Number of protein chains: 4
Amino acid sequence: MSTSKRQQILDAALLLFVEQGLEGAATAKIAKAAGVATGTLFHHFANKQELISALYLEIKRELADSLPPLQPEQEIQALATAIWNKALGWGLAHPEKIRFLLAYYQSPLLSAEARKTVKFETLGVVLELLQMGQQQGLIGDYPDDLMLEICHSLFMTSAAYFIDHPQLAGDERQQRAALTMFWNALATTGNQL
Amino acid sequence: MSTSKRQQILDAALLLFVEQGLEGAATAKIAKAAGVATGTLFHHFANKQELISALYLEIKRELADSLPPLQPEQEIQALATAIWNKALGWGLAHPEKIRFLLAYYQSPLLSAEARKTVKFETLGVVLELLQMGQQQGLIGDYPDDLMLEICHSLFMTSAAYFIDHPQLAGDERQQRAALTMFWNALATTGNQL
Amino acid sequence: MSTSKRQQILDAALLLFVEQGLEGAATAKIAKAAGVATGTLFHHFANKQELISALYLEIKRELADSLPPLQPEQEIQALATAIWNKALGWGLAHPEKIRFLLAYYQSPLLSAEARKTVKFETLGVVLELLQMGQQQGLIGDYPDDLMLEICHSLFMTSAAYFIDHPQLAGDERQQRAALTMFWNALATTGNQL
Amino acid sequence: MSTSKRQQILDAALLLFVEQGLEGAATAKIAKAAGVATGTLFHHFANKQELISALYLEIKRELADSLPPLQPEQEIQALATAIWNKALGWGLAHPEKIRFLLAYYQSPLLSAEARKTVKFETLGVVLELLQMGQQQGLIGDYPDDLMLEICHSLFMTSAAYFIDHPQLAGDERQQRAALTMFWNALATTGNQL
DNA sequence: AATGAATGAGAATTCATTCAT
DNA sequence: CATGAATGAATTCTCATTCAT
């Protein structure tokens with residue numbers, strides 16, 4: 001029961017945060033939407049900030065878990081493609097979660113700690129992949145941090161694009177375009193300026 | 001006097017929004033910081049949303065104005081480089097403005113209308129450039145909308161990166177890396193997947 | 001020009017007061033509706049209360065002026081009928097004015113002074129009539145003040161009734177019913193309890 | 001506890017509304033006078049309008065409950081007299097309630113719904129009585145709605161009159177005058193115009 | 001006389017959080 | 001664990017009125 005109520009609250013919170021904003025979604029509304037009493041919310045989460053951070057972490061963990069394990073025998077490009085497709089697939093299956101990440105990654109209400117944890121948890125695999133690629137000369141010799149930020153934002157932007165234009169999500173050409181831009185941004189085969 | 005008070009309010013609002021968040025910055029605080037009465041804020045902006053949107057538009061307009069005019073006789077790559085550098089230069093000179101754009105592009109407090117206007121106003125030049133590039137076979141044959149979204153996010157991400165790590169802003173290698181990834185993402189010279 | 005602006009303000013105020021209430025109609029809205037500047041309203045009326053009282057007085061004076069003069073040679077009942085019909089006719093021709101009187105006769109925003117002045121100004125003729133009628137034994141021997149209050153409220157109620165049901169205003173039977181109840185309430189021919 | 005706080009709020013609201021007007025009585029003042037926190041007022045009433053309407057309904061219900069049941073074996077005139085006296089007695093015992101009804105029946109702050117409910121609830125008995133009287137030929141053949149409006153306003157006016165002149169409330173002659181005018185207005189024994 | 005920007009006290013309402021049951 | 005009434009500080013916005021032009 002307890003776990004279920006906790007989860008009901010997280011589910012309701014996600015929807016309300018996306019629809020009405022972090023501050024527009026009052027704890028009382030969330031509790032009501034979750035079908036629990038106001039006080040119950042504060043049994044499971046010390047305060048609203050903790051609810052937000054818990055939700056953020058849950059989502060990022062879910063995204064990380066949806067990615068395929070890194071199989072070192074595969075080619076870098078194939079691995080990158082697989083990760084990209086899995087991630088995008090997960091995003092299209094959970095549009096509210098993408099919207100939530102997009103909208104609140106920058107928010108002052110998300111604790112700096114949660115932001116950090118999140119970045120390395122999800123992007124850990126990606127970083128490994130990029131470093132392998134650099135050793136093989138396939139990925140450009142760019143600073144790690146910058147590459148990670150750019151991976152993150154290219155993914156989020158593409159996911160948001162397909163969520164905003166659902167009719168394009170099945171369009172092979174558009175999907176390939178997004179993946180190509182992502183790969184080319186990182187790969188060494190591009191121009192060196 | 002009137003224009004000056006309006007501007008004082010916009011200036012104060014920018015700072016407070018970036019420091020304390022859109023909802024953390026109460027209208028009363030903004031007015032006080034601007035050195036005007038609360039009522040004055042509402043004399044110039046019908047409500048907080050309008051203040052936010054007005055600020056958003058002003059900043060985007062400023063960014064658009066900082067870009068060099070499109071000189072068709074120049075090479076695409078040179079033009080793109082020039083635009084990128086000017087834009088990034090403007091961003092580093094106005095870090096709060098970049099932060100504001102970044103943090104609130106997704107906010108439900110930014111009116112959908114403002115978001116629209118903004119996209120076409122700033123990115124107009126960029127779109128022209130990309131289309132010229134496509135005609136010359138230098139820019140990949142990707143959908144306009146997707147390319148624009150990706151330009152937008154690559155620029156914002158890079159700007160935020162250099163703002164967050166000010167010591168890197170003068171680092172030639174890092175600067176080149178950002179520009180290279182941007183150009184390769186769009187150019188045809190990359191891999192075709 | 002000056003008189004005209006004053007009148008424009010009174011006209012706009014009447015409409016807004018009736019539509020939005022005495023406090024719902026802000027002076028700024030009234031000024032705007034009247035096509036004058038905010039400050040202008042305060043040139044003509046020292047403050048909002050004075051505007052309200054002035055409007056109240058103007059309307060009551062208009063109503064009083066619409067009544068026929070008392071011709072002593074006529075029968076009481078004919079005189080009463082004539083006054084009732086004139087008054088009701090005026091009311092139906094100026095429904096907003098009736099509504100205004102109805103809604104704000106009780107308001108704490110109407111100065112007690114204005115209320116008093118008004119009562120004696122309009123009802124002066126009626127009082128004379130009633131006293132003549134009492135001397136002739138046609139009007140019941142009731143206290144003056146009570147009779148006046150009841151005349152006032154029967155008239156206002158009837159006027160409001162026909163304004164609320166405009167399709168009944170032309171119905172001879174309904175009109176006669178209202179007048180009959182009014183006359184019987186006051187006349188001696190009724191039952192003595 | 002909960003019911004008691006709700007009632008404390010209604011009680012305080014009645015007094016303040018009558019003393020200071022509907023808009024003069026701020027919700028904060030009401031809460032303070034009721035000895036509860038501001039938030040508590042809004043816990044029980046969604047907004048000020050609902051508080052006003054709830055108060056209005058409560059009072060009218062109280063008035064309706066104070067009236068004697070209709071005993072069909074009695075004479076119409078005796079029944080009418082009994083109802084009138086009971087109603088007036090209730091009114092004199094609760095002058096603030098009469099003032100409240102009188103002052104705000106027309107207010108745009110009273111929801112149209114509350115106004116409707118109220119009219120049929122209190123006046124239901126009166127309507128029955130009038131219709132019985134008409135069948136017996138004792139009450140004039142007037143339209144129901146008009147009769148009800150007039151009953152309502154004659155009662156309110158009389159009650160207000162005695163409240164405004166407390167020294168007259170015990171005066172037998174004045175009391176009889178009011179009742180007589182009320183009865184004659186409705187009865188068939190008066191003149192037919 | 002007329003204007004309308006500026007004022008700032010005050011209004012209604014919200015909301016995270018607590019706590020007695 | 002769960003409840004939901006109660007809290008009161010904080011927020012957005014309104015509005016009568018003033019005054020320099």
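Just so it is clear, the structure is predicted and the values come from calculations on it, not from any experiment. Letters go in sequence order (proteins before strands), and every chain restarts at 1.
E/dT21: Watson-Crick or G-U partner is F/dA2, with both key distances under 3.5 Å. Nucleotide E/dA1 is matched to nothing when pairs are restricted to Watson-Crick or G-U wobble geometry with both distances under 3.5 angstrom. Base pairing of E/dA11: its partner is F/dT12, meeting the Watson-Crick or G-U wobble criterion (both donor-acceptor distances under 3.5 Å).
Look at A/Asp164 and A/Arg99 and you find a salt bridge, because one of the NZ, NE, NH1 or NH2 atoms lies within 4.0 Å of a carboxylate O, short of that distance. Comment: C/Arg6 does not engage C/Asp11 in a salt bridge, judged by the lack of any side-chain N to carboxylate O separation of less than 4.0 angstrom.
Between the side chains of A/Gln8 and A/Ser4, at least one donor-acceptor pair of N or O atoms lies under 3.5 Å.
To the nearest angstrom, P of F/dA16 lies 11 Å from CD of C/Gln20. The nearest whole Å value for the distance from the NZ atom in C/Lys32 to the P atom in E/dA5 is 11 Å. Per the geometry, CZ belonging to B/Phe45 stands 15 Å off P belonging to F/dT12, to the nearest Å. If you measure from atom NE2 of A/His43 to atom P of F/dC1, you get 9 Å, rounded to the nearest angstrom. The separation between D/Phe42 atom CZ and F/dT12 atom P is 17 Å, rounded to whole Å. Put simply, CD on B/Gln49 is 18 Å from P on F/dT11, counting in whole angstrom units. In this structure, the NZ atom of C/Lys48 is 4 Å from the P atom of F/dA16, given to the nearest Å. Atom CD1 in A/Ile30 sits roughly 16 Å away from atom P in E/dT14 (whole-Å rounding).
Contact between the side-chain N/O atoms of C/His44 and the OP1/OP2 oxygens of E/dA2 is found at a separation under 4.0 Å. Within the structure, every side-chain polar atom (N or O) of C/Lys29 is placed at least 4.0 Å from both OP1 and OP2 of F/dT14. Distances shown here put a side-chain N or O of C/Lys5 below 4.0 Å from the OP1 or OP2 atom of E/dT3. Residue D/Thr27 places at least one side-chain N or O closer than 4.0 Å to OP1 or OP2 of E/dA12. Regarding contacts with the backbone of F/dT3, a side-chain N or O of A/Thr40 is found under 4.0 angstrom from either OP1 or OP2.
Both D/Leu41 and C/Ala28 lie near DNA chain F, and the one whose nearest nucleotide falls closer to the 5' end is D/Leu41. Place D/Ala25 and A/Gly39 on DNA chain E by their nearest nucleotides, and D/Ala25 ends up nearer the 5' end. Taking for each of D/Leu22 and B/Ala37 the nucleotide of DNA chain E with the nearest heavy atom, the 5'-most of the two is the partner of B/Ala37.
No donor-acceptor pair closer than 3.5 Å links the side chain of B/Thr40 to the backbone N or O of B/Val36.
Closest to the D/Ala26 side chain, of the nucleotides E/dA12, E/dT13, F/dT17, is E/dA12.
Of all non-hydrogen atoms in A/Ile30 and A/Ala12, the two that sit nearest each other are O-CB, 3.8 Å.
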